[in-house]
There are 2 protein chains.
Amino acid sequence: MRVSGQRRTTIKDVAEAAEVGVATVSRVLSGTGFASPATREKVLAAAARLDYRPSALGRNLRRQRTGGIGLLIPDITDTFYARLADGVLTCAQSAGEPVMIGTTGDDPEREAQLIGSLIEESVDRVIAVPSGDGEMWGPAFRAGLSVVFAERPVQGRENVPSVVTDDRSGVRTAVEYLAGLGHRRIAFLARHGQAQRARAFREALAALGVPVDEELIVRAHASRDSAYAAASGLFQHRPDLTAVLAGGNMLGEAAVLAARELDIRVPRDVSLIMFDDVPWAELCSPPLTVISQPAQDMGYRAAELVLREGRRSRTVTLPTELIVRGSCGPRR
Amino acid sequence: MRVSGQRRTTIKDVAEAAEVGVATVSRVLSGTGFASPATREKVLAAAARLDYRPSALGRNLRRQRTGGIGLLIPDITDTFYARLADGVLTCAQSAGEPVMIGTTGDDPEREAQLIGSLIEESVDRVIAVPSGDGEMWGPAFRAGLSVVFAERPVQGRENVPSVVTDDRSGVRTAVEYLAGLGHRRIAFLARHGQAQRARAFREALAALGVPVDEELIVRAHASRDSAYAAASGLFQHRPDLTAVLAGGNMLGEAAVLAARELDIRVPRDVSLIMFDDVPWAELCSPPLTVISQPAQDMGYRAAELVLREGRRSRTVTLPTELIVRGSCGPRR
DNA sequence: AACCATGATGGAATCGTTTCCATGAGGGTG
DNA sequence: CACCCTCATGGAAACGATTCCATCATGGTT
């Protein structure tokens, strides 16, 4: 314990203190290679005595890679992504891996920038909720990163392992439930990047013989303001709709708010189903019927996937569940 | 653009391509030192042609520090901390600094572990919502980290810059408001680590001449389950209370849930004020009266503080605001 | 004309670790 | 007894950047 201005204790100091070579210290401490019990003891004692912590900097430079996981999500303020991040962190921390986080705001350009910065930092494992198309991931793959996509796959990168929710089935369940209540003019509030869900929505309608009205499919960006604008605009332009499926919790929140603002009562005037179950869905008035998604699990699985780099694994699809509460009623 | 198995382009490659020395390349690219316009041009061209990105690893090792910011929060799932993290990320990303995030779960031991891992990674700037006492931060200061505390100060480390909310004033406002409605038996649901607020709560009661009932001050850990248990236990043990102040949004959520479960109506039977304004507070039934805190701003300011390392600055105190909605009523 | 200040430049050391390789000791087998 | 194989060990190279320092050229001053 020296005064400030001290030099970091290095492996060399330990070697000196233990009266062995640095190579031996490295071998003992990293557990690889041979060492006699006596030497091992000496080294361990010296390391403990000097309170030695190996520098990740030196190790990483030599190994030509940074341990750790890069995590790219659209918005940490969205509880869905927060839970996803929590899953990643839980897995990563139990594996002792640091996590570098970045938020893209669903902006491909910012995503590209963050990818660049991860490459610069030699982070070689990335979990991402991709915003853009597959192109911007070119540099990442060229640099040899192992990537796992979460929540959404990327078209054109089908062989990249991904962990996604079963959008098709989730959307179908919701649409069938609404149709069963008599609804025909059902709107879908989607975020950019949810093309998959929009497609599933069209398919589900078509399967039920309901004509698809493209004007009822509205897109918003990953921000509260954008979500509110989309929801409010939808209600105002199309007062004839009787049900809304919100593609995420922020869109659901916006829908409730916009409906309240416009004096549209839920579920009397409009039925509402929201993707993603969040704690407040139950506290809301009325309690929201939702399609729950295992966000935290998704993050955890993605982290597992990206950590066992060896085996190439296909994409994992996680199930959704319809939780009926009080925000849907028969067509008025 | 080579096939896989390629070597990273290094500064040496650029030097060769530009027909100059590596030192010159470094000077040009990092902007320091002298270089003739002609050479500068050559270097820049070569770097662009080879798509050169300097390795952060090499730089960091030489500089003996990692750029970037370590961020330690109790729970990323709590929207308050998510917003705080968002503020940090916004500032850090606009400064081009990577952020390493870790969640402590308000567990001092995990916190200590994460601090250790930050030191190992040579991260030299940390923003933390501290869980434990000042002791575990010893190693961090000894290692020369520059630390900024957020949300809570740490006793015994008063000279560490911090960004906190004005707990005293926030609590006082809430208590005075409740007292003004006639409430006397007011409970406080606190999280561990909110000793500051509990103290302010006692002071505010004392200032109003209301006797302090220690049994009405209940503590929970940073998890939904713990919060619910605390809230439910409180309502069951003390059916005589008429108002509750929740120290955080998860505690408020738990209080609403527990009250509903026990058939306690808000605000008829019990008035409720929650610390931290969240989007769902308005959607809740009844809409929740809250003490809003500038969480995102707090994170941003903390990041600013930790980034301009030079000047030592005192702690910043951010104001709170009482937002009256519908969860408080006169004493029954 | 000699000298010096200044700017441009590149070689080489350095950061802390891992890992390759050479060396040496010791024991078992032919 | 010679030989070889194995294990233990340490020196030194490598990773990729920054930066100190020496060298050299140039132009201005005395």
Side-chain angles (χ1 to χ4, degrees), chain A residues 5-44 46-47 50-68 117 119-124 143-144, chain B residues 5-44 46-47 50-68 117 119-124 143-144:
Chain A
Q6 77 274 50
R7 207 174 38 84
R8 192 188 173 107
T9 5
T10 76
I11 199 174
K12 216 167 164 182
D13 301 323
V14 178
E16 239 164 72
E19 298 175 301
V20 296
V22 289
T24 305
V25 175
S26 174
R27 269 188 304 248
V28 169
L29 259 34
S30 61
T32 76
F34 311 94
S36 71
T39 341
R40 176 182 309 276
E41 207 53 42
K42 268 198 304 185
V43 170
L44 257 29
L50 297 182
D51 188 30
Y52 168 69
R53 311 192 66 109
S55 154
L57 255 40
R59 183 195 356 254
N60 293 342
L61 178 56
R62 174 61 221 244
R63 290 231 188 112
Q64 285 293 75
R65 64 199 183 79
T66 304
S117 129
I119 295 177
E120 206 158 297
E121 299 282 334
S122 296
V123 172
D124 56 356
Chain B
Q6 77 275 48
R7 205 173 40 85
R8 191 190 175 107
T9 22
T10 76
I11 198 173
K12 215 167 166 182
D13 301 323
V14 178
E16 237 164 74
E19 298 174 303
V20 297
V22 289
T24 306
V25 176
S26 173
R27 268 187 306 250
V28 169
L29 260 34
S30 62
T32 75
F34 311 94
S36 73
T39 342
R40 176 183 309 276
E41 208 52 44
K42 270 198 305 186
V43 169
L44 255 30
L50 298 183
D51 188 30
Y52 168 68
R53 312 191 65 106
S55 153
L57 255 40
R59 182 191 3 250
N60 292 342
L61 178 58
R62 174 61 222 241
R63 290 231 188 109
Q64 286 292 74
R65 64 202 183 79
T66 305
S117 128
I119 295 178
E120 207 158 296
E121 300 281 334
S122 296
V123 172
D124 56 356

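To find a chain, count down the sequence lines: A is the first, B the second, and so on, and within it residues start at 1. Basis for what follows: all heavy atoms, side chains included, without hydrogens, waters or symmetry-related copies.
- Atom CZ of Arg40(B) and atom P of dT9(C) are 10 Å apart (whole Å).
- Within 4.0 Å of Leu57(A), counting heavy atoms only, lies no atom of the nucleic acid at all.
- The side chain of Pro54(A) lies closest to dT17(C) when the candidates are dG7(C), dT18(D), dT17(C).
- Scanning atom types as modelled, no donor and acceptor separated by under 3.5 angstrom connect the side chain of Arg62(A) and the base of dG16(D).
- In this structure, Gly58(A) reaches the bases: a heavy-atom distance under 4.0 Å links it to at least one base atom across the strands shown.
- When the C1' atom of dG16(C) is taken as reference, atom CD of Glu16(A) falls 14 Å away, rounded to whole Å.
- Protein atom CZ of Arg59(A) is 10 Å distant from nucleotide atom C1' of dT18(C), rounded to whole Å.
- Each end of the helix from dA1(C)-dT30(D) to dG30(C)-dC1(D) gets its own rotation axis from five pairs of C1' atoms, and the angle between them is 70° to the nearest 10 degrees.
- Side chain of Leu61(A), nearest nucleotide from dC15(D), dT9(D), dT9(C): dC15(D).
- Atom CD of Gln64(A) is separated from atom P of dA17(D) by 9 Å (rounded to the nearest Å).
- Between the NZ atom of Lys42(A) and the C1' atom of dA8(D) there is a distance of 12 Å, rounded to whole Å.
- Taking atom CG on Asn60(B) and atom P on dT19(D), their separation rounds to 12 Å, with Å as the unit.
- Side-chain atoms of Arg27(B) come within donor-acceptor range of the base of dG10(C), with a qualifying N/O pair under 3.5 Å.
- The side chain of Ser55(B) contributes no N or O atom lying less than 4.0 Å from OP1 or OP2 of dC15(D).
- Residue Val14(A) is tested with Val25(A), Leu44(A), Val20(A) for a side chain to side chain contact (heavy atoms under 4.5 Å, CB included); the sole match is Val25(A).
- Listed nucleotides dA12(D), dA17(D), dT18(C) differ in distance to Ala23(A); the shortest reach to its side chain belongs to dA12(D).
- Within 4.0 Å (heavy atoms only), Ser26(A) reaches at least one base atom of the nucleic acid.
- Here dG10(D) presents its C1' atom at 13 Å from NZ of Lys12(A), a figure rounded to the nearest Å.
- The interatomic distance linking Arg63(A) (CZ) with dT17(C) (C1') rounds to 9 Å, in whole Å.
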